[in-house]
Amino acid sequence: MNFIEELTWRGMIHDMKPGTEEQLQKEMTSAYIGIDPTADSLHIGHLVSVMMLKHFQIAGHKPLALVGGATGMIGDPSGKSLERNLLDEKTLRHNQECLKKQLAKFLDFESDAPNAAELVNNYDWMKDFSFLDFIRDIGKHITVNYMMAKDSVKSRLGEDAKMGMSFTEFSYQLVQGTDFLHLYKEKNCKLQMGGSDQWGNITTGTELIRRKESGDAFALTCPLITKADGGKFGKTESGNIWLDPKLTTPYKFYQFWLNVSDADAEKYIKIFTLLSKQEIDELVKEQEAAPHLRPLQKRLAKEVTCMVHDEQEYEKAVEASQILFGKATTESLAKLDKETFLAVFEGVPTFEIDRAKLDAGVPIIELLAAETAVFPSKGEVRRTIKGNGLSLNKAKLTDQDYSVSTSDLISEAYVLVQKGKKNYYIIEAV
RNA sequence: GGAGGGGUUCCCGAGUGGUCAAAGGGAACAGACUGUAAAUCUGUCGGCGUAGCCUUCGGAGGUUCAAAUCCUCCCCCCUCCA
């Protein structure tokens, strides 16, 4: 199965330029995707493009990951994102290094294979590009008329525009096109991939290559990942799901995938895992036969957690989940020794409190909203208790005036706080 | 530079002197139902709290017993004309 066929059955192709498949069959081809280095970790929104590159490398082609040090400071007008601030070079390099380490889990950067992955940063070739050079060498080749026809630009002009668009944002497609042109010339890169929102930007690049170099370059986009209920993919109450375990613990990471809705599970497992069509078909059948066992979500969570973290972290996450969501009771919790407790709950957000305070007893509302930041306000603690949404050590708490004392400690050191069904916090006496 | 239209609580968006912590929708959170799913229904959704109080409607002043609402100045955004 070739690259295009692979992506097709996985539902990862939204659009591509005619001739793309032929090009890929003709020779080993280089392709790139762009990543904004706005943070020092990738989040799961990036994972789609990373998987495209991975399939690309598996298919024998050469993937390039472009860190957008230059473009990242402009901001793409097609998103609603505001214009960005310039990252200083130190931060930029730091982020670049961190991203590369994460990418190395997916792509082979190190081997001597001709299709080893490469990381490039457009800051390196854009930083010394003078304005005059730019408008002469690049700007001349693309008409404003052409640029204005792009949806990303059109939506920002005219009467229904909420915001105007600065010249900087307008020029974004040219800057991105310049990247493509640069990679085309320097690295013989003939394909740019990205989300479907990037189509306009990518084709400005292929157009530039055609006009300036009489070259043939290609574009391939994947659908934007959505949720069946229309919500944003990859966001939870606590924000982005990051690949860095320090930002999103493996437990939370695992839980994210496990909680994916049925309607999304099949779609996601095709995109975010390398499981074969047969394996997935099998799982889908199992899911239909016994939906409550959620084989799709479980396998999806396993595969992605193992890929991003490792098998050990995955197993810990499963164990913690079984205790938290299984039939654990106050009694079984109380039996856990300190070691086990810590191992199981590693990754569950932990707050500390002075043991001396607990000796005297701390009102629950104080404990959760003042002594620790489990809740942002006292009112919210009250509301949650009133709504029957708070549990302490797996037992529902209904008394707003309850005082927590040392007798509530598990293993003489911990209190397990549960907000609703899925949110756990640990308070540790120190 | 001219004319017009705007800036409201996380988002969209009502509100033009008191009954406004501010309609409605969305998002979010919790409860019920379930399968840690979806859909549905219910509740909550500025802060502290019994009442009640405090902070909020671009910013700063002012009028008034009382202002998101009226006046003055300023800042920002959009459209059209030049």
Side-chain angles (χ1 to χ4, degrees), chain A residues 77 79-83 153-167 169-170 226-241 249 251-269 283-284 286-302 305 317-328 344-345 347-349 363-366 368-370 373-392 394-398 400-401 416-425:
Chain A
K80 54 235 153 264
S81 47
L82 302 167
E83 290 195 52
V153 172
K154 263 196 289 192
S155 65
R156 293 285 294 275
L157 298 172
E159 298 189 17
D160 46 345
K162 287 181 242 119
M163 269 182 295
M165 180 174 52
S166 71
F167 176 74
E169 288 178 285
F170 178 59
T226 55
K227 292 205 299 182
D229 64 9
K232 268 198 197 112
F233 169 76
K235 297 269 185 177
T236 65
E237 38 155 339
S238 41
N240 277 329
I241 303 291
T249 63
Y251 164 76
K252 282 220 151 183
F253 188 86
Y254 171 80
Q255 281 286 323
F256 172 82
W257 296 104
L258 194 65
N259 272 304
V260 159
S261 71
D262 288 13
D264 292 322
E266 184 182 344
K267 190 168 71 185
Y268 293 171
I269 203 168
L283 286 165
V284 170
E286 284 178 39
Q287 185 91 343
E288 275 164 15
H292 59 284
L293 295 178
R294 294 182 299 147
L296 274 174
Q297 282 95 331
K298 281 181 185 161
R299 190 63 189 275
L300 171 67
K302 176 183 175 179
T305 307
V318 171
E319 198 183 341
S321 301
Q322 270 164 0
I323 291 188
L324 293 174
F325 293 100
K327 295 184 207 66
V344 166
F345 294 118
V348 175
I364 184 74
I365 291 172
E366 291 290 324
L368 299 182
V374 175
F375 284 81
S377 75
K378 293 183 183 177
E380 197 161 326
V381 182
R382 283 199 191 86
R383 269 181 246 124
T384 305
I385 295 178
K386 219 179 281 175
N388 207 22
L390 190 82
S391 295
L392 220 60
K394 290 295 256 184
K396 281 272 186 238
L397 188 102
T398 50
Q400 289 192 19
D401 301 321
L416 182 68
V417 180
Q418 191 177 355
K419 174 183 152 201
K421 216 178 293 182
K422 298 180 199 169
N423 304 294
Y424 289 89
Y425 306 89

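Here is how names work: the chains are called A, B, and so on, in the same order as the sequence lines, proteins then strands, and each is numbered from 1. Note that the coordinates shown come from a computational prediction; the quantities given were computed from them, not determined experimentally.
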Nucleotide N/O of nucleotides 36-41 of chain B paired with protein N/O under 3.5 Å:
| from | atom 1 | to | atom 2 | distance (Å) |
| --- | --- | --- | --- | --- |
| B:rU36 | O2' | A:Asn259 | OD1 | 2.2 |
| B:rU36 | O2 | A:Gln255 | OE1 | 2.9 |
| B:rU36 | O2 | A:Asn259 | OD1 | 3.3 |
| B:rU36 | O2 | A:Asn259 | ND2 | 3.2 |
| B:rU36 | N3 | A:Gln255 | OE1 | 3.1 |
| B:rU36 | N3 | A:Gln255 | NE2 | 3.2 |
| B:rU36 | O4 | A:Gln255 | NE2 | 3.4 |
| B:rA37 | OP1 | A:Lys422 | NZ | 3.3 |
| B:rA37 | O2' | A:Asp262 | N | 3.2 |

**Prompt:** Rounded to whole angstroms, how far apart are CD on A:Glu366 and C1' on B:rC48?
**Reply:** 12 Å
**Prompt:** Pick one: which of A:Leu283, A:Val284, A:Leu300 meets side-chain contact (heavy atoms from CB on, under 4.5 Å) with A:Pro295?
**Reply:** A:Leu283
**Item:** P spacing across the pair B:rU79 / B:rG31, given as an integer number of angstrom
**Value:** 46 Å
**Item:** Worked check of side-chain contact (heavy atoms from CB on, under 4.5 Å) between A:Gln418 and A:Lys394
**Value:** CA-CA 7 Å; A:Gln418 191 177 355; A:Lys394 290 295 256 184; 3.7 Å; yes
**Item:** Any A:Lys419 side-chain N or O less than 4.0 Å from OP1/OP2 of B:rC29
**Value:** no
**Asked** B:rA60 and B:rA67: how far apart are their P atoms, nearest whole angstrom?
**Response** 15 Å
**Asked** Say you pick atom C1' in B:rG7 and the same atom in B:rC57; how far apart are they, in whole Å?
**Response** 10 Å
**Asked** When rounded to the nearest 0.5 angstrom, what is the spacing between CD1 in A:Ile385 and NZ in A:Lys396?
**Response** 11.5 Å
**Message:** One pair to check against side-chain contact (heavy atoms from CB on, under 4.5 Å): A:Val417 and A:Asn423. What are the steps and the verdict?
**Reply:** CA-CA 8 Å; A:Val417 180; A:Asn423 304 294; over 6 Å; no
**Message:** Measure CE/A:Met165 against P/B:rU79 and give the value in whole Å, please.
**Reply:** 10 Å
**Request:** Give one of base, sugar-phosphate or nothing for A:Lys386, where a contact means two heavy atoms less than 4.0 Å apart.
**Result:** nothing
**Request:** Take the protein atom NZ of A:Lys396 and the nucleotide atom C1' of B:rA30, then report the distance between them rounded to whole Å.
**Result:** 9 Å
**Fill in**
Taking Watson-Crick and G-U wobble contacts under 3.5 angstrom, with | marking pairs to another strand and [ ] crossing pairs, the secondary structure of RNA chain B is written (((((((..(((.....[.....))).(((((.......))))).(((...)))...(((((..]....)))))))))))).
**Prompt:** Can A:Leu392 and A:Ile364 be said to form a side-chain contact (heavy atoms from CB on, under 4.5 Å), step by step?
**Reply:** CA-CA 10 Å; A:Leu392 220 60; A:Ile364 184 74; 4.0 Å; yes
**Item:** Step-by-step side-chain contact (heavy atoms from CB on, under 4.5 Å) determination, A:Val374 to A:Lys419
**Value:** CA-CA 9 Å; A:Val374 175; A:Lys419 174 183 152 201; 5.6 Å; no
**Asked** Where each residue is assigned the nucleotide of RNA chain B containing its nearest heavy atom, which of A:Ala369 and A:Gly387 is assigned the position nearer the 5′ end?
**Response** A:Gly387
**Message:** When the C1' atoms of B:rA82 and B:rG18 are compared, how many Å lie between them, rounded to an integer?
**Reply:** 46 Å
**Message:** Using atom P in both nucleotides, what's the gap between B:rA39 and B:rC29 to the nearest angstrom?
**Reply:** 13 Å
**Request:** With rounding to the nearest 0.5 Å, note down the distance linking CD in A:Glu319 to OH in A:Tyr251.
**Result:** 12.5 Å
**Item:** Atom pair distance, as rounded to whole Å: CG in A:Asn388 and P in B:rC29
**Value:** 18 Å
**Request:** Hey, could you give me the NZ/CD1 distance between A:Lys302 and A:Ile269, rounded to the nearest 0.5 Å?
**Result:** 11.0 Å
**Prompt:** If we take the C1' atom in both B:rC10 and B:rC45, what is their distance in whole Å?
**Reply:** 11 Å
Listed pairs, N/O of protein and of nucleotides 43-46 of chain B, under 3.5 Å:
| from | atom 1 | to | atom 2 | distance (Å) |
| --- | --- | --- | --- | --- |
| B:rU44 | O2' | A:Arg383 | NE | 3.4 |

**Prompt:** How long is the span from the CZ atom in A:Arg156 to the CD atom in A:Glu169, to the nearest 0.5 Å?
**Reply:** 4.0 Å
**Asked** Roughly how far apart are A:His292 NE2 and A:Gln287 CD, rounded to 0.5 Å?
**Response** 10.5 Å
**Item:** P atoms of B:rC74 and B:rG1, separation to the nearest Å
**Value:** 12 Å
**Of A:Lys227 and A:Ile365, the one whose closest RNA chain B nucleotide lies more 5'** = A:Lys227
**Request:** Tell me, with the steps shown, if A:Phe325 and A:Tyr424 meet ring-ring contact (aromatic ring centres under 6.0 Å, His included).
**Result:** CA-CA 11 Å; A:Phe325 293 100; A:Tyr424 289 89; 5.7 Å; yes
**Asked** Say you draw a straight line from OG of A:Ser261 to NZ of A:Lys227; how long is it, rounded to the nearest 0.5 Å?
**Response** 7.5 Å
**Prompt:** Over how many whole Å does the gap from A:Glu380 atom CD to B:rC10 atom P extend?
**Reply:** 14 Å
**Item:** B:rU72 to B:rG25 separation - P atoms, rounded to the nearest Å
**Value:** 37 Å
